[in-house]
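Within every chain, numbering begins at 1; the chains are lettered A, B, ... in the order of the sequence lines, protein sequences first and strands thereafter.
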Amino acid sequence: MSADDFIVTPWHVEGDIDYDKLIKQFGTEKISSELLERIKRITGEDHFMLRRGIFFSHREMNRILDEYEKGNKFFLYTGRGPSGHTHIGHLVPWMFAKWLQEKFDVNMYFQLTDDEKFFSKPNLTLEETSKFAYENALDFIALGFKPEKTKIIINTKNIQTLYPIAAQVAKKINFSNTKATFGFTNDTNIGMIFYTSLQSAPCFIEDKPVLIPLGVDQDPHFRLTRDIAQKIGKQKPALIHNIMIPSLEGPGGKMSASAENGTIYTTDSPAEVKKKINKHAFSGGQPDIEQHRKIGGNPDIDVSYQYLRIFFEPDDNKLKKIYEDYKSGKLLSGELKAILIEKINEFLAIHQENREKAKNQIQQFLLENK
RNA sequence: GGGUUCGUAGCCUAGCCUGGUAGGGCGAUGGUCUCCAAAACCAUCGAUCGUCGGUUCAAAUCCGAUCGGGCCCA
């Protein structure tokens with residue numbers, strides 16, 4: 001544990017994250033009210049994830065908007081390390097990316113880093129990460145991206161396209177840089193050491209500015225990318241970061257795809273969702289009903305409330321009422337959980353239907369090797 | 001290629017020197033308590049000790065081989 005009591009790296013997130021401190025640590029910029037206004041003005045909409053600070057930090061978002069207003073379109077890029085099934089935390093940046101695609105009418109690239117998960121997870125085989133890549137792709141497609149403007153990159157399948165770009169990048173990043181950025185040591189396999197250049201590659205797949213919406217834990221890769229972009233005659237990627245989605249079991253750390261009980265998967269049945277929330281969601285309620293009525297709950301640490309805020313209740317008025325009722329003690333933890341369960345299951349019913357359909361659509365989304 | 005070190009339940013690990021078929025922690029599961037969850041407490045599940053062979057009445061423990069991981073040197 002660091003002196004700040006939290007750790008945020010691409011492979012490990014732990015502790016109660018202080019996002020203001022993280023902005024300083026990483027050297028990013030906080031999303032200001034001016035920037036929020038600007039995005040709202042251009043898109044004509046005030047996205048709840050921006051308004052609520054789910055996306056809280058960025059790098060050079062203003063440059064992207066400057067170019068856009070001059071008529072120079074950018075493109076979007078995000079991804080996923082396929083180490084397991086998709087959970088609802090993964091959906092946050094994807095949903096937001098989909099909104100950006102709609103509002104700005106831009107191309108989107110989605111990278112599935114099956115090689116990286118193979119490198120970083122001792123027990124995963126390449127067959128397994130490829131299988132999860134397919135499963136994760138279905139969830140991505142199910143969110144409604146436009147097939148004519150969206151390409152899915154699978155590292156091991158599209159290496160032919162990625163490699164010439166990755167090679168450009170790799171030549172400019174030395175061992176000392178990656179060691180310092182990722183904390184690599186002598187027992188790190190060389191796949192990991194090279195890997196960041198592959199995650200950089202999609203940034204330069206089109207000769208346009210790129211905007212990357214992503215979990216803030218992935219920022220270190222793109223710090224390196226930004227460092228070397230000019231050296232290879234390219235523009236620095238711009239980024240917009242979302243907070244880590246808490247595990248059901250507590251506010252510290254992010255939802256991990258490996259801890260079954262702390263995680264709602266997109267493939268969970270309504271009964272599983274109900275059970276997981278009721279049995280595992282950390283609450284901000286009081287020890288008993290009398291005290292809860294009297295003192296009230298704490299929505300800020302209540303995971304069920306946080307899920308509503310982050311993802312499942314976009315309506316500010318409804319969310320505000322839940323917040324106030326919970327805080328006043330009018331709403332019990334069990335009742336709050338019931339609201340969340342219904343919201344999740346409503347969402348998943350539609351999502352799972354779209355996910356089935358995605359099986360027939362996936363072919364048109366896959367990137368062709370150049 | 002040489003050297004060295006490690007391999008015990010999902011994870012971490014005790015035991016190995018001084019042979020007698022494994023003990024703990026985390027996790028998981030169930031229960032008590034809570035409107036829930038957490039915490040606390042109680043209980044349960046879970047390991048043929050990397051593999052093969054040898055010595056022995058008896059091997060996780062000794063010996064040999066082999067596979068796999070780590071580090072150092074080349």
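We find that CD of Glu249(A) is positioned 9 Å from P of rG27(B), with the value rounded to whole Å. In this structure, the CG atom of Leu340(A) is 17 Å from the P atom of rC36(B), given to the nearest Å. Whole-Å rounding puts the Asp187(A) CG to rU4(B) P distance at 21 Å. Distance CG (Asp302(A)) to P (rU34(B)): 20 Å, rounded to an integer number of Å. Counting to the nearest Å, the P atom of rA39(B) and the CD1 atom of Ile301(A) are 13 Å from each other. Atom OH of Tyr307(A) and atom C1' of rC36(B) are 16 Å apart (whole Å). Nucleotide rC35(B) holds its C1' atom 11 Å from the CG atom of Asn278(A), rounded to whole Å. Distance Asp288(A) CG to rC33(B) C1': 11 Å, rounded to the nearest Å.
Across all strands shown, the partner of rG1(B) is rC73(B), judged by Watson-Crick or G-U wobble contacts whose two distances both fall under 3.5 Å. In this structure, rA65(B) and rU51(B) make a Watson-Crick or G-U wobble pair, each of the two defining distances being under 3.5 angstrom. Remark: rU56(B) base-pairs with no nucleotide in the shown strands. Criterion, Watson-Crick or G-U wobble with two distances under 3.5 Å. Across all strands shown, rU32(B) is found opposite rA40(B) as a Watson-Crick or G-U wobble partner, with both distances under 3.5 Å.
OP1 or OP2 of rG70(B) has not a single side-chain nitrogen or oxygen of Asn186(A) nearer than 4.0 Å.
Of the residues near RNA chain B, Glu335(A) and Thr188(A), the one whose nearest nucleotide (by heavy atom distance) lies more toward the 5' end is Glu335(A). For the pair Lys275(A) and Pro287(A), both in contact range of RNA chain B, the more 5′-proximal nearest nucleotide belongs to Lys275(A).
Backbone-only contact: His280(A) has heavy atoms under 4.0 Å from sugar-phosphate atoms and none from a base.
For the C1' atoms, the distance from rC63(B) to rA43(B) is 43 Å, rounded to whole Å. Taking atom C1' in both rC73(B) and rA65(B), the straight-line distance is 25 Å, to the nearest Å. Atom C1' of rA14(B) sits at a distance of 11 Å from the matching atom of rG25(B), rounded to the whole Å. Nucleotides rC49(B) and rU21(B) are separated by 14 Å at their P atoms, to the nearest Å. Here the separation of rU8(B) from rA47(B), taken at their C1' atoms, is 7 Å to the nearest Å. For rC26(B) and rU66(B), the C1' atoms lie 33 Å apart once the distance is rounded to whole Å. Of the P atoms belonging to rC72(B) and rA60(B), the separation is 34 Å, rounded to the nearest Å. Remark: the separation of the P atoms in rC11(B) and rG50(B) is 13 Å, to the nearest Å.
Taking 4.0 Å as the cut-off between side-chain N and carboxylate O, Glu135(A) and Arg355(A) count as a salt-bridged pair. Ion pair Glu60(A)/Lys236(A) not flagged as a salt bridge, since none of the NZ, NE, NH1 or NH2 atoms sits closer than 4.0 Å to an Asp/Glu carboxylate oxygen. With salt bridges taken as basic N to acidic carboxylate O contacts below 4.0 Å, one links Asp66(A) and Arg38(A).
Checked by atom type, the side-chain pair His351(A)/Asp139(A) shows a donor-acceptor distance below 3.5 Å.
Closest contact between the side chain of Phe282(A) and the listed nucleotides rA28(B), rA37(B), rC35(B) involves rA37(B).
Two different hydrophobic clusters hold Val92(A) and Leu239(A) under the rule that ILVMFWY side chains link at heavy-atom gaps under 4.5 Å.
The local environment of CD in Glu148(A) is crowded, with over 12 non-hydrogen atoms from other residues, nucleotides or ligands closer than 6.0 Å.
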